[in-house]
J.: 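Please read through the structure below; I'll follow up with questions.
This is a predicted model, so every value here is computed, not measured.
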Protein chains: 2
Amino acid sequence: MAMPDDSLETSLADGQVRTITDLARLAGVSPGTVSRALAGNALVNARTRDRIQQLARTHGFQLNQMASNLRRQKTGVVGVAIPLGHDRRQQISDSFFMTLLGHLADELTEHGYDLMLRRVIPDRDEDWLARFTGSGMVDGLIVIGQSDQFDRIEEAAAAYLPMVVWGNHQQGQRHCVVGTDNRLGGRLAAQQLIAAGATSLMFLGDTEPMEFAARFAGAGDVAARAGVPIMACPTHLAIDRMPDEIAGHLARHAGQIDGIFAATDTLAVACLKALQDRGLAVPQRMRLVGFDDLPLAGQTVPPLTTIRQDIAAGARGLVDLLLRRLAGEKTESLVLPPELVVRATA
Amino acid sequence: MAMPDDSLETSLADGQVRTITDLARLAGVSPGTVSRALAGNALVNARTRDRIQQLARTHGFQLNQMASNLRRQKTGVVGVAIPLGHDRRQQISDSFFMTLLGHLADELTEHGYDLMLRRVIPDRDEDWLARFTGSGMVDGLIVIGQSDQFDRIEEAAAAYLPMVVWGNHQQGQRHCVVGTDNRLGGRLAAQQLIAAGATSLMFLGDTEPMEFAARFAGAGDVAARAGVPIMACPTHLAIDRMPDEIAGHLARHAGQIDGIFAATDTLAVACLKALQDRGLAVPQRMRLVGFDDLPLAGQTVPPLTTIRQDIAAGARGLVDLLLRRLAGEKTESLVLPPELVVRATA
DNA sequence: TTTTTGTTTGCAAACGTTTGTAACGAAGCT
DNA sequence: AGCTTCGTTACAAACGTTTGCAAACAAAAA
């Protein structure tokens, strides 16, 4: 048996081995064989396969993914879109979304997928969804937050299967969604506030986004049944406006209310500070419940009572459903149960 | 002039217009012309150009990026790698890195680049860097945090130009880095603690990672000059171990020290809680300074004195330098000045 | 009319893979 | 010896763009 031609090998050694063809020349076989060898295909003889893999390793050969993707018509990349609809500065700094993103990265990596992150501003870019799905750059799409794009997502879902959305579930919707049962979460929050002695409630947060609207509605359910009034106080999530707005709300209504349901832990923490600034004892004079159970919720003084969203489970659900859709399955939505975490603010 | 053949057009209308060739047939021109028309190339007649663009719009045509990328040998994608070296669970949930990531997404989007996120575990994957740079999937690379991969990054930088790293700058290093002057930050922190009356210091945090080591060293400089002792108390950043470890440190040393420099705001906030649990008044009995100035630093009670890193500026710097490197420039590193933010804990 | 110039288009060769099909020996069978 | 079968490899056609070059054509100049 002839050894691979040494002189040929060294004559190429200086010029980088970039393409599969370079490698083929080096190994004295055809490009097709190299491709199969690198893929571990059983069609190619075990000895040649090892030899080629060895050669690839020593020369630091890297397969060109672009070409591979084009040929195989798949990319191994999942797109993650964060639409910034109603409050442009909100989400990107919102630690809930960032934490979810982290878990998504974990989960996708685990399954051999890469993650392509794209922030989209729907008002500026009409067909952000079509651009992403049709670009050929991603095999599937995860959308974090419906924002105010429910209709557009709904429309896209009709034609584009491999898409899963984090958000709120609505009766009879078409697109596959994963999310917490926000309405139930709202009920739990209001129940706890009332059980802790509250007789008049404030909902702190915007009621425009679907998730928040559902939380408010859930709290409303319970409040109505208990004969307790509840008022909504819209507040931006942007860190620079939040404190002032909360202070304003408290200044106007602090006398009339004795329980606050914050749409988000971030809001709750800011609110807690505002309450302490006003000298209102928590939970004696004012009860407070948050939403999310971010890590910082346990770190406040007093520690925050809140409604827990299981972010890790959410990420697992998103990825699991997406993978099944990539395999052609037509999956149902997944609604996760929220959990009341009683600490010290209510 | 003949209008585009209507019967032909409708005969294709049902079958999706996927490729540039479909569109060419529809418009009665060659694929090359369509390509140029869509690119807005001045070579093609203005009228045909408009007609083709209109046609593309009405049929919802999307250029296949994969093919385009392969042909042009560029992708419009920047890779962002987060190496999880020394403390696997740390970084992904660490709000500093997440915030930086958010700003990076902003900044890259602004310049027309997409962002491909990849978490890498160096121990499991020897040549994570080469895989990323050589895959052909990204035009350039931003590495967030040197972790314990300084040498590997240094080595890769020799051959691969378009790479910028967030981290600590060391005398004479090869790779281009953007980061805060951690040593100076450490000095500022220690100065403030001592000015506030501290006479014996604790450094709360791991001293392994380069950034933290530099912060500790800076504090050490000042402490030594002032004749104040400082001890390092290694602490994990993982949220589930942090509180217990801090409580342990305090139990052992609380009597001997009266000032704490926490390597991170996250640590500082947890420490603040632990101090309050022990009934140690801040800042009367114990002074505390953090690092980062995360949004939550202003929300604690009392609000946290800390060393500010300008994350947004860091992100801008990273992207700016990367773009210049993509253009072939050989750029210098960028060291950002930290800033002391005096609130109420020291 | 012929030549020149300029504008607009088509042709075909890349980009670097993957994969169906054919080809080629060698071995096993009648 | 002829036939099939099997294991291994080479060949070539895709995948959907972009782009240098040549061709076609019209208008202007000679």
J.: Ignoring hydrogens and angles, are the base of C:dT17 and the side chain of A:Arg71 linked by a donor-acceptor pair under 3.5 Å?
T.: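 Flag unset: no donor-acceptor pair detected.
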J.: Heavy atoms under 4.0 Å, any strand shown: does B:Ile20 hit a base, just sugar-phosphate, or nothing?
T.: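 The answer is sugar-phosphate, as B:Ile20 gets under 4.0 Å only of primed atoms, P, OP1 or OP2.
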J.: Other residues, nucleotides and ligands only: do more than 12 of their heavy atoms fall within 6.0 Å of CD on A:Glu110?
T.: no
J.: Taking only side-chain nitrogens and oxygens of B:Thr33, does any of them come within less than 4.0 Å of OP1 or OP2 of C:dG10?
T.: yes
J.: Tell me: CG of B:Leu23 to C1' of D:dT17, nearest whole Å?
T.: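 Distance check: B:Leu23 CG to D:dT17 C1' gives 13 Å.
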J.: Take atom CD1 of B:Ile52 and atom P of C:dT8, then tell me their distance rounded to the nearest Å.
T.: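 Checked: the CD1 to P distance equals 13 Å.
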J.: Out of B:Val178, B:Leu321, B:Val177, which one pairs with B:Ser333 under the side-chain contact (heavy atoms from CB on, under 4.5 Å) rule?
T.: B:Val177
J.: Between D:dC15 atom C1' and B:Asn69 atom CG, what is the distance in whole Å?
T.: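 Atom CG in B:Asn69 sits about 14 Å away from atom C1' in D:dC15.
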J.: Just checking A:Ser35: base, sugar-phosphate only, or nothing, at a heavy-atom cut-off of under 4.0 Å?
T.: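 If one applies the 4.0 Å heavy-atom cut-off, A:Ser35 turns out to touch a base.
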J.: Would you mind telling me which of D:dA10, D:dT17, C:dT17 lies closest to the side-chain atoms of B:Phe61?
T.: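 Given the options D:dA10, D:dT17, C:dT17, the side chain of B:Phe61 is closest to D:dT17.
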J.: Which distance, rounded to the nearest 0.5 Å, do you find between the CD of B:Glu107 and the CG of B:Leu318?
T.: 9.5 Å
J.: Taking 4.0 Å as the cut-off, does a side-chain nitrogen or oxygen of B:Ser30 come that near to OP1 or OP2 on C:dG10?
T.: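 The answer is yes; a side-chain N or O of B:Ser30 sits under 4.0 Å from OP1 or OP2.
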J.: Tell me the interatomic distance from A:Arg72, atom CZ, to D:dG16, atom C1', rounded to whole angstroms.
T.: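 To the nearest whole Å, that distance equals 16 Å.
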J.: Name the residue closer to the 5' end of DNA chain D, choosing between B:Leu63 and B:Arg36 according to the nucleotide with the nearest heavy atom.
T.: B:Leu63
J.: From the options A:Met116, A:Met163, A:Met137, select the one residue that forms a side-chain contact (heavy atoms from CB on, under 4.5 Å) with A:Phe132.
T.: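 When side-chain contact (heavy atoms from CB on, under 4.5 Å) is applied between A:Phe132 and each of A:Met116, A:Met163, A:Met137, only A:Met116 qualifies.
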J.: Whole angstroms only, please: what is the CZ-P distance between B:Arg51 and C:dT8?
T.: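 Answer to the nearest Å: 14 Å.
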J.: Could you tell me whether the phosphate oxygens of D:dG16, OP1 or OP2, come under 4.0 Å of any side-chain nitrogen or oxygen in A:Gln73?
T.: yes
J.: Output the rounded distance in Å from NZ (B:Lys74) to P (D:dT17).
T.: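 Answer to the nearest Å: 18 Å.
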J.: Please list all pairs passing the side-chain hydrogen bond (donor to acceptor under 3.5 Å, both in side chains) test where one or both residues lie in residues 61-70 of chain B, with sequence neighbours left out.
T.: B:Ser68-B:Arg72
J.: Do A:Thr331 and A:Arg325 have a side chain donor and acceptor closer than 3.5 Å?
T.: yes
J.: Between atom CE in B:Met66 and atom C1' in C:dT17, what is the gap in whole Å?
T.: 12 Å
J.: One pair to check against side chain to side chain contact (heavy atoms under 4.5 Å, CB included): B:Leu141 and B:Leu129. What are the steps and the verdict?
T.: CA-CA 9 Å; B:Leu141 193 55; B:Leu129 245 177; 3.5 Å; yes
J.: How long is the line joining CD of A:Gln16 and P of C:dG16, in whole Å?
T.: 13 Å
J.: Restricting to nitrogen or oxygen on both sides, can you table the protein-nucleotides 5-8 of chain D pairs closer than 3.5 Å?
T.:
unit_1	atom_1	unit_2	atom_2	d
D:dT8	OP1	A:Asn45	ND2	3.1

